[in-house]
Amino acid sequence: MNVWDAIYNKRAIRAFRDAPLPDDVVERILEAGRVAQSSRNEQPWDFIAVRDRERLRQLAASGYYPFVAQSGLTVVITTPPMDVDKPLNFAMYLFDVGQAAANMQLAAQELGVGSGLGRVFKGDVARELLAYPADKEATMLIAFGYPESDDMLTRKGEPNRRPFDDVVHYETW
Ligand SMILES: Cc1cc2nc3c(=O)[nH]c(=O)nc-3n(C[C@H](O)[C@H](O)[C@H](O)COP(=O)(O)O)c2cc1C
């Protein structure tokens with residue numbers, strides 16, 4: 001699969017088959033996140049890779065996500081917490097995390113693995129379950145798995161996105 005096909009076809013997948021992901025697939029996905037670019041190369045992320053079915057079920061309650069419970073891998077991404085004196089740093093962390101997330105999702109797409117994002121709404125649930133340290137916060141999670149049907153990895157028709165001319169402003173707005 002070339003990069004364009006991965007970008008264009010990737011959908012948000014929220015229904016997974018109950019099939020485990022092989023170790024090499026999991027490692028490839030995580031490696032794609034590890035090598036992502038980041039502001040000042042700070043790499044402000046840690047990835048907690050959850051594969052245990054019971055832990056996945058419990059993690060689903062951090063944001064009411066049935067697809068997390070079904071997934072073969074859910075990656076919870078942590079960053080340093082928001083510092084009220086340096087909110088721009090935090091904004092940059094979130095930008096960086098988004099790029100690591102996109103890398104992981106596109107690497108997964110190439111391997112026939114679907115993915116769905118979710119915000120960690122209940123940080124207390126996630127922290128209790130995953131035991132990350134007090135100086136880290138979990139903002140987003142990404143559930144990975146083989147989609148309920150293979151055709152979910154192929155986009156049908158035009159994506160439901162704002163029109164090109166509405167989004168793109170050449171030279172000036
Ligand atoms: C930052 C972010 C957070 C998201 N959070 C959720 C979420 O909590 N639950 C969910 O079902 N989908 C979530 N999504 C998926 C989007 O709703 C989805 O990408 C969008 O509707 C477009 O769908 P498509 O990618 O299949 O075309 C999230 C996407 C992003 C980028």
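Any value given below was found using the heavy atoms of this structure, including those in side chains, with hydrogens, waters and symmetry copies removed.
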Quick one: pull up CG in Leu117 and CZ in Arg14 and give me the separation to the nearest 0.5 Å.
9.5 Å
Carboxylate-amine/guanidinium contact Glu54 Arg57, below 4.0 Å:
yes
Are the charged groups of Asp166 and Arg161 less than 4.0 angstrom apart, N to O?
no
Working note: Phe144 + Ser115, criterion side chain to side chain contact (heavy atoms under 4.5 Å, CB included); need CA distance, chi angles, decisive distance, verdict.
CA-CA 4 Å; Phe144 295 93; Ser115 62; 3.6 Å; yes
Residues which pass side-chain hydrogen bond (donor to acceptor under 3.5 Å, both in side chains) with [X], listed by chain and number, not counting sequence neighbours:
X	answer
Glu128	none
Arg155	none
Arg53	Asp18
Asp151	Ser149

Taking atom types as modelled and ignoring hydrogens, do the side chains of Gln105 and Asn103 form a donor-acceptor contact shorter than 3.5 angstrom?
no
With sequence neighbours left out, what residues match Asp135 under side chain to side chain contact (heavy atoms under 4.5 Å, CB included)?
Pro133
In terms of heavy-atom contacts, does CZ of Arg28 have more than 12 from other residues, nucleotides or ligands at under 6.0 Å?
no
Nonpolar side-chain network containing [X], other nodes, edges under 4.5 Å:
X	answer
Phe67	Ile13, Phe16, Ile48, Val50, Leu56, Leu59, Tyr65, Val68, Val76, Val120, Phe121, Leu129, Leu130, Tyr132, Leu141, Met152
Tyr8	Trp4
Leu88	none
Val35	none

Glu158: salt bridge (Lys or Arg N to Asp or Glu O under 4.0 Å) partners, not counting sequence neighbours:
none
Applying ring pair (Phe, Tyr, Trp, His ring centres under 6.0 Å) as the test, list every pair that has at least one member in residues 153-173; sequence neighbours left out.
His169-Trp173
Would you say Ile77 and Thr139 make side-chain contact, with heavy atoms under 4.5 Å?
no
Residues 75-99 vs side chain to side chain donor-acceptor pair (under 3.5 Å), sequence neighbours excluded, gives Gln37-Gln99
